[in-house]
There are 2 protein chains.
Amino acid sequence: MKKHTLLILCLCCVLIAKGENGYDLWLRYKPVGNKTLLQSYRENITTIITSGSSATMDIVKNELSTGLQGLLQTTIDHGAAVNRHGAIIAGTPRSSPLISNAGIAIPLQQAGEEGFVILSKILNGKRCILISGNTEKGVLYGTFHFLRLLQTEQSIQQLNIISAPKIRLRMLDHWDNPDRTVERGYAGFSIWNWHTLPGYIDQRYIDYARANASIGINGTVVTNVNANAVVLTQPYLEKVKALADVLRPYGIKIYLTARFSAPMEIGGLKTADPLDASVQHWWQEKIKEIYTYVPDFGGFLVKANSEGQPGPQDYKRTHADGANMLADAIAPFKGIVIWRAFVYSNENPLDRHKQAYDDFVPLDGTFRPNVLVQVKNGAIDFMPREPFHPLFGAMPKTPLMMEFQVTQEYLGQGTSLVFLAPLFKETLESDTYSKGKGSTVAKVIDGSLEHHPLTGMAGVANIGNDINWCGHPFAQANWYALGRLAWDHTISSEQIADEWLRMTYSNNPRFLKAASRLMLESRDIIVQYSNPIGLHHIMGTSHHYGPAPWVNNQQRPEWNPVYYHKADSGGIGFNRTATGSNALAQYQPAAREQWENMQTCDEKYLLWFHHVPWNFRMKSGKSLWEELCYQYYTGAERAGKMQDTWKSLQPFVDKQRFEQVNMLLKIQHTEAIWWRNACILYFQTFSKMPIPASYEQPGKTLEYYKSLRFPFAPGI
Amino acid sequence: MKKHTLLILCLCCVLIAKGENGYDLWLRYKPVGNKTLLQSYRENITTIITSGSSATMDIVKNELSTGLQGLLQTTIDHGAAVNRHGAIIAGTPRSSPLISNAGIAIPLQQAGEEGFVILSKILNGKRCILISGNTEKGVLYGTFHFLRLLQTEQSIQQLNIISAPKIRLRMLDHWDNPDRTVERGYAGFSIWNWHTLPGYIDQRYIDYARANASIGINGTVVTNVNANAVVLTQPYLEKVKALADVLRPYGIKIYLTARFSAPMEIGGLKTADPLDASVQHWWQEKIKEIYTYVPDFGGFLVKANSEGQPGPQDYKRTHADGANMLADAIAPFKGIVIWRAFVYSNENPLDRHKQAYDDFVPLDGTFRPNVLVQVKNGAIDFMPREPFHPLFGAMPKTPLMMEFQVTQEYLGQGTSLVFLAPLFKETLESDTYSKGKGSTVAKVIDGSLEHHPLTGMAGVANIGNDINWCGHPFAQANWYALGRLAWDHTISSEQIADEWLRMTYSNNPRFLKAASRLMLESRDIIVQYSNPIGLHHIMGTSHHYGPAPWVNNQQRPEWNPVYYHKADSGGIGFNRTATGSNALAQYQPAAREQWENMQTCDEKYLLWFHHVPWNFRMKSGKSLWEELCYQYYTGAERAGKMQDTWKSLQPFVDKQRFEQVNMLLKIQHTEAIWWRNACILYFQTFSKMPIPASYEQPGKTLEYYKSLRFPFAPGI
């Protein structure tokens, strides 16, 4: 290729090099930097051959064109026949004779309905690469995977990739309200501009679909679980239809939250009792109406009888009664019902930890086949570190769907660099022992343990209308991680970080080494400076921003931090053993064993399960109080060092994103010190022990920290 | 220049050509398309010579570099001496010996404090272009003006430009709340992310400052006139300081809204009485505190005793008492107080139109010299068409500041293409006759009529966090127009449209001809299909979206559309003559004359000033009812034709922005038909006359239009 083309380096590039705004996510398709690889790519990619003319295949074609043009800095021809080396042939066996005659039936069979194959083949005596699947959606996923190989500078010689998703429903849950506020959103406001729908299709919607398709997400719940029923009214269904039409060619189904009281609020009925015939009829008609707008509507997500939401228990019916009523009504349309297990009320005054299990385990086996019960990764609420939820493994007859939180409600919100793949993996790899050793949460979720065909994993989205979608540039990695793990939960955090960094920033090995360490340690660091040794739920009230372990004035006991840490002169921590709430009894004995003895308990969860004396001897040899100080101080110090690491990466990062992360890491360090000082000073009022003299003593008083107010913190 | 550079045309350009997201506004600096001009520009621009090393001069240098690089597609060297043709020399006479020795003292004198000169000169025997001003701010304005010459493909031979702003304070008023909602905002949410300030400086803040500097805006009120006092507390002042530091090098001062009751709400006082010594002391101390954070703080904008806001009248003091108290406190710091004249209460039950005049005229001459009274362009509230506000010309001893609304609260909000320069100009060119013929509103505002040194024009911003800043791609033109007219109100709407279109879209003459007609007619069209013949304030309650002339159930009479149109079996319109409210008496006789006789009244304002019988004979020969139908139908038809015009421009516009405008014009047409049908059907219940058979009859009933609800319309 003409050398001066590259040397002249277009001025647009120069302008762009000043800064990237992050809108392009991991789909930047920047020129391949490694010259040897670039040469090899260009030799192996000379023509694009696609077949079929559906909306999805148009996307495949455009994505290959745009992607390869950007990566290889040259225009790749589209062709129809294999007459030279380097054809990229994308299509299904149905639409492409080249594919159907290529002898790849066996790998295709392994790919299943949504999977794909990427295979190096000699056709017509020429080297080709086939990207195929049994459905066009599979081809689309394969296309993005193929481009990712180039983006991450992998070899494309002798490709023999067969990939099928381990989980069927791979979803994002948006907690977006119709007024465009986003509950627990830290990236601006909702990308769904309901007011201008259906007439105006924001480019965002298209780019959202594309980004999700690139990581295998195939479903989205566009409304908040706490939202009102307006989305089910006719004017809004027209808007939903317009969105569904955008998402469909990208293989994404739309789901809605169903407010249980909708028959009363928008239907004019006097009851929402699931066993009432008029209620059943109302839902049947409403669902029929929805499917006239969206023929492939996915189904409903329901939060019922939790945190003030209406539900079947209002009529003395069970969660199963409620879920099954909706499931029966939607079954003729092949829709599903996702019923959330995140429930708590005053009925388990001793320990909120136990309630979902108590409510749902007795219902196992009573749900319709098109119902999934969606369970948060832990029993409290997306804490920085939680043991796995005891429901996993405890409802063998019911498909349990995982609910992770991608938005960082309790993990530094919009201002902290926290890579969540290690958190997700920690839960997924936890052993429930429900069918003996090796009965991991992942196997519960992917259906392999109990042979459920219907499986799902959802992430509460961290997406807003900030230009870079997620607020913190590194928060994009958590969206990415959710998609990749929903596709294949065996991928390591290291691999996810590496892929994302290469695509989002740079393939430079020096950059990758330091930046991936930054990511991989980050979740551990925030746990350490905010909720070490199993502490949990000690954040600020309502907005959940920053520390407030002292709060004890909330209406319901389980809304107060003091309920969770139970600090007193005798010690700190929640006794969930047999001498306490006995939440531990909800776990299998083998799982329980790692936690139930204070002396041997995994210290990550010590204060989660035990009320521990201040002078308890930790494995480190320190007293509990000293260890607590050590953890808080070490965490805050490590948070400070993240800035140094990032600064060392300046040569590899464009100006705008470098500065963004730099400013945010500085804020994060300030927040880490705030957490450290506020918590230590507060807990010291119980321990009555000094902060070891080797540590810098807090410069502000506990009263100061208590006085801080954030009346307009986001995401409430 | 190497021809292949241009032919190879970088791939980034190709990618970008797919679509522009509008973020770059009118500062795109795309390659000059006219080859002859490009050649001439390259010959006349070879070196950039700047002097001084302040933050502002760094911006000048960067802007010239980036701008010229983009426009000329070549890198322009920076130099220090004139040793070849084509030096662009930017600086003040103080910092640049080249400038101070160039013999341009006389033009510089004419440029004043903020103005600039752009002059072709021979220095050292070489052709140069000097961009200079007496201040660096002037040089910055000159720089943007120079780049605009290239962007709009003007000749740069024999330049002899001297430009000074006609108005001193050229401001944007943001109605942005601390929770990031924007009152009357239709472009997403507030760009001010208070939560992450001061630590995080969004690139938006910098680009906002740059865009404003490019059109001469030199002040911004970042908080809503209805906002609470939190912005005056210490944590928020730290945030304000961070913003001020970003804005300062761009020549922009920050202003805040002062909630009159702040001494009680955040100061703990029992009163906010402006004559109370403790209140005065509180403000003195608060202002002192503000200036420690922002040494060049601009001052306060105050909405007092209007629409429920607190104010001096709560203590039986006058507006002057309130304004002067703040003015005295801020005077030592050279700050100013902008006091809004938009007041109304039940005290003028007959006609809200009259109240500001009645309240303020008696106070003329009693305000301190550092007080400006800010008056909306008309007496009601930013209606699609209003006669000029009777206060203009009626307070000769007080500097009156113009308040325009750039955000389209009553002009189609976020979904309509309405170019507002013709509206602004209509007011500015109105003759108040206060000092005889030619006493235009513009002359009142620019101080020339009464020799006021302190002058101002503000626009209520239409800026939000949508990627393209303003929601509708054409709404950017209204931000641009406000800036340009505040600098020089004699510029024509045609020129503004032409400049903006060239910079934002294309210099192609075919494009410009059709697109500028589209813009220039647009305001007339929306008046015609929404509020023809002087109708006003007949929009939906609260959100102000769409028509609702039937509303008659609002708490206060002047909140009801029926108060304004007064339709009955006898006719329609508000009698503001001597036989009615006599609001006309507030105008000078010569001004009044054009309106006071129903037979001769300018028909644009007929129903504004008169209650007119349905069969009144209009100048067209039609009856009033027929004319009303004609106007509504013609307006809606013209709105429909805007789509055709735009479609014809597809070859000249990138895909993304073309589609955006296309979708929005379709929505606008639907809204136009909605306005037409709803208003005609409603007024028909009084006229009892048929819609002429030649028109398409409404397909929906009045009841249907009355039933429409928009519970989540934006901007409330």
Side-chain angles (χ1 to χ4, degrees), chain A residues 2 4-5 8-16 18-19 21 23 29 31 66 69-70 72-75 177-181 186 188-189 193-196 199-204 228 230 235 413-415 465-467 471 545 656 659-660 663-664 666-667 670 708-714 716, chain B residues 2 4-5 8-16 18-19 21 23 29 31 66 69-70 72-75 177-181 186 188-189 193-196 199-204 228 230 235 413-415 465-467 471 545 656 659-660 663-664 666-667 670 708-714 716:
Chain A
K2 327 124 199 169
H4 46 279
T5 317
I8 287 162
L9 235 228
C10 74
L11 292 158
C12 289
C13 293
V14 175
L15 292 179
I16 287 168
K18 283 178 61 189
N21 63 21
Y23 183 86
Y29 299 140
T66 318
Q69 197 173 49
L72 308 187
Q73 292 287 289
T74 179
T75 304
N177 298 312
D179 66 359
R180 299 188 68 183
T181 57
Y186 311 104
F189 292 77
N193 186 347
W194 293 104
H195 181 67
T196 55
Y200 186 75
I201 301 299
D202 194 318
Q203 181 66 31
R204 281 267 190 190
N228 74 31
V230 71
Q413 303 196 347
T415 42
N465 75 340
D466 275 1
I467 291 180
Y545 178 61
Q656 184 169 342
E659 286 298 343
Q660 282 183 306
M663 290 184 280
L664 289 165
K666 201 168 162 196
I667 293 174
T670 308
L708 296 177
R709 292 291 177 277
F710 304 93
F712 300 104
I716 298 172
Chain B
K2 325 123 200 169
H4 47 279
T5 317
I8 287 160
L9 235 229
C10 74
L11 292 158
C12 289
C13 293
V14 176
L15 292 179
I16 286 168
K18 283 178 60 190
N21 64 21
Y23 184 85
Y29 299 140
T66 318
Q69 197 173 47
L72 308 187
Q73 292 288 289
T74 179
T75 305
N177 299 311
D179 66 359
R180 299 189 69 184
T181 56
Y186 311 103
F189 292 78
N193 186 347
W194 293 104
H195 181 67
T196 56
Y200 186 76
I201 302 299
D202 194 319
Q203 180 66 31
R204 281 265 190 192
N228 75 30
V230 71
Q413 302 196 348
T415 41
N465 75 340
D466 274 1
I467 290 181
Y545 177 61
Q656 183 168 341
E659 287 296 345
Q660 283 183 307
M663 289 185 281
L664 289 165
K666 201 168 161 195
I667 293 174
T670 308
L708 296 178
R709 292 292 177 275
F710 305 93
F712 299 103
I716 299 171

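What you see is a predicted model; the values in this text were computed from it and never measured. To find a chain, count down the sequence lines: A is the first, B the second, and so on, and within it residues start at 1.
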Atom pair CD (B:Glu659) and OH (A:Tyr200), whose distance is rounded to the nearest 0.5 Å: 10.0 Å
Leading residue by heavy atom contact count with chain A [cutoff under 4.5 Å; candidates B:Asp466, B:Leu664, B:Thr415]: B:Leu664
Partners passing side-chain contact (heavy atoms from CB on, under 4.5 Å) against A:Ile716 (at least two apart in sequence or in another chain): A:Ser542, A:His543
Chain B contact via A:Gln660 - side chain, backbone, both or neither, heavy atoms under 4.5 Å: both
Distance in Å, A:Tyr23 OH paired with A:Ile467 CD1, rounded so as to fall on 0.5 Å steps: 10.0 Å
side-chain contact (heavy atoms from CB on, under 4.5 Å) partners of B:Asn193, counting only residues at least two apart: B:Arg180, B:His195, B:Thr196, B:Tyr205
Proximity breakdown for A:Arg709 and chain B, heavy-atom pairs closer than 4.5 Å: neither
Flag, side chain of B:Asn177 to backbone of B:Asp179, donor-acceptor distance under 3.5 Å: no
Part of B:Ile201 lying under 4.5 Å from any heavy atom of chain A: both
Part of A:Tyr545 within contact of chain B (heavy atom distance under 4.5 Å): side chain
